[in-house]
Amino acid sequence: MFTESEDLLAGLNHPQKQAVLHGEGPLLILAGAGSGKTRVITRRIVQLMQNGVRAQSILAITFTNKAAGEMRKRVDSIVPGHRVQISTFHSFGVRLLRQYADRLGLNKDFTIYDQSDRSKLTKIAIEDSGLNAERFTPDTISNSISKAKNQLLSPEKFAQSAKDFFSQSVAQVYPYYEKRLRESNALDFDDLLYWPALALRNDPELRAELDARYRYVMVDEYQDTNTAQYAIARGLSVDYPNLCVVGDPDQSIYKFRGSDIRNILDFERDFPNATVLTLSENYRSTKPILSAADRLISHNTQRKPKPLISMKEGGSPVTQITFDTGAEEANGVAKRIAQQVNSGNRSFRDFAVFVRMNALTRSLESAFSRHRVPFQIVKGMAFFDRKEIRDVLSYLRLLVNSHDNISFMRAVNEPARGIGKVSLDHLKNHAEPREISLLEACGVVEKIPTIKGKAASGLRDFSLLMKGLRELLEHPPHEVIAKTLDASGYREMLRRSTDPEDQERLANIEELVSAARQFQVEDREPNLADFLENISLASDTDAHDANKDSVSVMTLHAAKGLEFPVVYMLAMEQGILPHDRSLENDEELQEERRLAFVGMTRAMHELFLCNARMRDFRGSVVFTAPSMFLGQLPGSEIKVIEEGPSTPMNSMLRGPGKGSQMTQGWKNNQIKAPTVASISPMPVKDGSYSEGMMVKHPAYGKGMITEISGYGAMRRLKIRFQTAGERSFIADKVQLEIIQS
DNA sequence: GTAGTACCTTTTTTT
DNA sequence: AAGGTACTAC
């Protein structure tokens, strides 16, 4: 045992060792970017176990499920078969709520509502409340409710504190929203924290029980916890105050969803006897990168200054490249990456491209295709947002939770069963006063005289369909899904459609079935409910595949916690980064600066900061000014490259020569101009396939690729076969022999 | 009840 | 640019 703990300290610096060896009592680890905090947490978990702490007494909270999985694996490689609980706050919350559902007055089969469910429900709640909501959108209101929950404000408390007109309007809606959630036996994302936090606060017995169960609690990315998460961590650390939090105030980037940087800044006030350790040695980035990032972040006024010490000597300077247009920026980056790979120094997987907004990834797609650069856009959840997937999921959710009225409304007439709005209104009018679910009401549709004809038989069919499918509930998820697709007629509807988009949809729902087939949970046979829960709690980054040899494209938010040898940050322009909506407010501006800081500190060897003089935005061309952050770097150390203007057309469009107006920001500069994007005659390519290519499929024989769409794991090929007609395939999965390009 | 069309907002970031 | 919503015609 002694030698093992020696090993645990191998290669660690002094504060890291102290952190690993820390036993009981509260501990705050201020870990600068790239200072090896994951390593420290992992080793500390192992160290605790080696000192006799039971694995079940340790709870580690990470920011994403992927991070949890990686940490679990790392601990497992040292202590195989350990039973340490490692999860996100949300997963932990769900687990707790399912376990203590009875005690909390919940039904354990609850559905987890996402943003879009939430806004549908809010719409209904607004109607319930009778609020004249012309002035506020459901999204604004539901955002406000979300914030209230993050601050653990119940509808009553929120109403008490509501002073202005907007808050008072929200206060009117909030109780109805809650009522509708309960009626559907659903919880929204915020509830997954809100309920556990309140349970810990209001149920002393339960709190003590959990506190004793989880004697050692560790929270990573503590700077991004919100009030509810804070309350959970706190509640678990009263009798056994062995709370270890790790974070970096300079990397707090989730204020918009309620995270409160004060949680980390005030840790020492909460736990006056806390040990505080600072990890300032950076093992990730070269000196020029770190000093640029350091200089930028030093412009934030509300911060505890802390040193960042690069342990890497040398390194090339940070490069700033200005392009003429957004399209040229995308092209230029793709070209540079292709060159760097071709010269043999790098693989595609060494590169990452960060953007402030998802919309900016679009131009990259075509540029990468054109330069034959393989890439993955890290937005895993996009797949589950597709109409057909949501449709099928609504069937599944309704199977697990028959009260889920939002899912009922979505599934009931898809495919069309002759059930229209009027009949559904009758159904609601029947169900609501009797306090039964819409699906239950559906089962007694004969008793509702106002519904007749096609609608009545359609509703009865639907009720019988769901009854039949319910029998299969405990079968493996992929079986239930396959049966659902058949029995509902959904698959048939798509199959019969002549719309080529529907063939794509068909491929997507088949993909869902195979995703379910591959789905496994650690120690037991998963059921449908597990599968759905997994989907609900997945994050964008969870889909990132670091082993795949492709360029990673993602938002700055998704980049948190990752590192890459070469990083390109795009659209460093006033109005984008910092974002337009932060310009008025200094606190938000500082958060934008932290966001830029997070992006820069992901880079190990090379960092490129890019901007364009104009860019397509929502249909029109917008003139931009360089990001103010570019002016806050150590100018003399930055290498500046000006690209373009490459065509006379561009310089004509560059507008007022002096540029004085261009520095004014974003909104005022919106003007219409002919789009300059040139249409490339090159075929669309993704690594190995291109449009027009002749291929051979093992089952369908010879055919020609007619269309390539999507990206990463979702890349699709449409192939017209000589005999089998046109079909869609997942590019990654399909076995094709290239006959001729 | 459905299909087709015009219009209009959207996202900044996400568990 | 695109997807959802509201409205209209069948």
Side-chain angles (χ1 to χ4, degrees), chain A residues 61-68 87-94 112-116 118-120 123 137-140 143 146 149-150 187-194 221 224-226 228-229 252-259 354-363 378-382 385-387 390 413-425 451-456 458 499 501 533-542 554-560 571 575-583 588 591-592 594-596 598-599 616-621 666 675 677:
Chain A
I61 302 283
T62 57
F63 202 68
T64 63
N65 290 297
K66 186 170 169 246
S87 65
T88 63
F89 267 114
H90 289 85
S91 303
F92 173 74
V94 172
I112 300 168
Y113 275 0
D114 67 13
Q115 222 93 320
S116 108
R118 187 178 89 176
S119 92
K120 278 185 189 148
K123 221 169 177 179
T137 67
D139 282 341
T140 352
N143 274 333
S146 163
K149 286 189 179 181
N150 284 161
L187 296 178
D188 63 22
F189 269 122
D190 306 309
D191 284 336
L192 305 181
L193 309 171
Y194 175 83
E221 306 283 5
D224 274 324
T225 48
N226 62 31
Q229 291 165 326
S252 169
I253 54 173
Y254 280 96
K255 183 166 181 273
F256 72 92
R257 77 176 200 213
S259 70
F354 300 152
V355 291
R356 177 65 179 84
M357 305 177 272
N358 284 305
L360 292 168
T361 60
R362 202 156 292 163
S363 56
V378 182
K379 186 126 198 347
M381 298 319 288
D385 280 336
R386 305 184 74 114
K387 177 193 180 318
R390 290 197 79 101
N413 201 36
E414 196 70 56
R417 296 186 175 86
I419 304 158
K421 188 180 175 305
V422 181
S423 307
L424 286 173
D425 281 342
I451 304 176
K452 29 193 180 294
K454 222 159 62 170
D499 184 345
E501 286 227 336
E533 180 180 310
N534 189 272
I535 291 175
S536 302
L537 296 176
S539 70
D540 282 348
T541 21
D542 291 349
M554 65 189 85
T555 63
L556 287 163
H557 283 87
K560 176 156 124 162
I576 294 186
L577 180 65
H579 192 269
D580 204 25
R581 301 182 55 160
S582 71
L583 293 175
E588 285 179 37
E591 177 139 321
E592 295 289 308
R594 289 193 292 268
L595 202 48
V598 166
D616 278 11
F617 192 74
R618 284 187 195 161
S620 54
V621 173
W666 175 255
T675 309

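Every chain is numbered from 1 and lettered A, B, ... according to where its sequence line falls, protein lines coming before strand lines. Worth saying up front: this structure is predicted, and the values here are computed from it rather than measured.
- Rounded to whole Å, atom P of C:dA2 lies 14 Å from atom CZ of A:Arg386.
- Residue A:Asn150 places no side-chain N or O under 4.0 Å from the OP1 or OP2 atom of B:dT15.
- With sequence neighbours left out, the salt bridge (charged side-chain N to carboxylate O under 4.0 Å, His left out) criterion links A:Glu221 to A:Lys37, A:Lys560.
- Going from atom OH of A:Tyr254 over to atom C1' of B:dT11 covers 15 Å, rounded to whole Å.
- If you check B:dT13, C:dA2, B:dT15 against the side chain of A:Arg362, the one that comes closest is C:dA2.
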Between the protein and nucleotides 1-10 of chain B, list every N/O to N/O distance that falls short of 3.5 Å.
unit_1: B:dG1; atom_1: OP1; unit_2: A:Gly420; atom_2: N; d: 3.4
unit_1: B:dG1; atom_1: OP1; unit_2: A:Ser423; atom_2: OG; d: 2.8
unit_1: B:dT2; atom_1: OP1; unit_2: A:Gly418; atom_2: N; d: 3.1

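- With sequence neighbours excluded, the residues that form a side chain to side chain contact (heavy atoms under 4.5 Å, CB included) with A:Lys120 are A:Ile406, A:Arg410.
- Applying the side chain to side chain contact (heavy atoms under 4.5 Å, CB included) rule to A:Ser146 yields the partners A:Arg118, A:Asn150, A:Asp190; only residues at least two apart in sequence or on another chain are considered.
- Atom CG of A:Leu583 and atom P of B:dT13 are 16 Å apart (whole Å).
- A:Phe189 places its CZ atom 8 Å from the C1' atom of B:dT14, with the value rounded to the nearest Å.
- With respect to A:Arg362 and A:Asp616, no salt bridge is recorded, no charged nitrogen being found less than 4.0 Å from a carboxylate O.
- For A:His557, the listed nucleotide lying nearest its side chain is B:dT13; candidates were B:dT13, B:dT15, B:dT11.
- A sub-4.0 Å separation between OP1 or OP2 of B:dT15 and a side-chain N or O of A:Ser91 is absent.
- A:Arg257 pairs by the side-chain hydrogen bond (donor to acceptor under 3.5 Å, both in side chains) definition with nothing, not counting sequence neighbours.
- Residues that satisfy the side-chain hydrogen bond (donor to acceptor under 3.5 Å, both in side chains) test with A:Ser259, not counting sequence neighbours, are A:Asp224.
- A donor-acceptor pair under 3.5 Å links the side-chain atoms of A:Asn226 to the main chain of A:Gln229, judged by distance alone.
- Nucleotide C:dA2 holds its C1' atom 15 Å from the CG atom of A:Asp616, rounded to whole Å.
- Taking the nucleotide of DNA chain B with the nearest heavy atom to each of A:Glu592 and A:Phe63, the more 5' of the two is matched to A:Glu592.
- Distance CZ (A:Arg594) to P (B:dT13): 18 Å, rounded to an integer number of Å.
- At whole-Å resolution of the value, CE in A:Met357 and P in B:dT13 are 8 Å apart.
- The distance between atom CG of A:Asp385 and atom P of C:dG4, rounded to the nearest whole Å, is 10 Å.
- No contact: A:Asn65 has no heavy atom under 4.0 Å from any strand.
- Picking from B:dT15, B:dT11, B:dT14 the nucleotide with the shortest atom distance to the side chain of A:Arg581 gives B:dT11.
- Using a 4.0 Å heavy-atom cutoff across all strands shown, A:Glu591 reaches no nucleic acid atom at all.
- As judged by a 4.0 angstrom heavy-atom cut-off over every strand, A:Phe89 is placed among residues making no nucleic acid contact.
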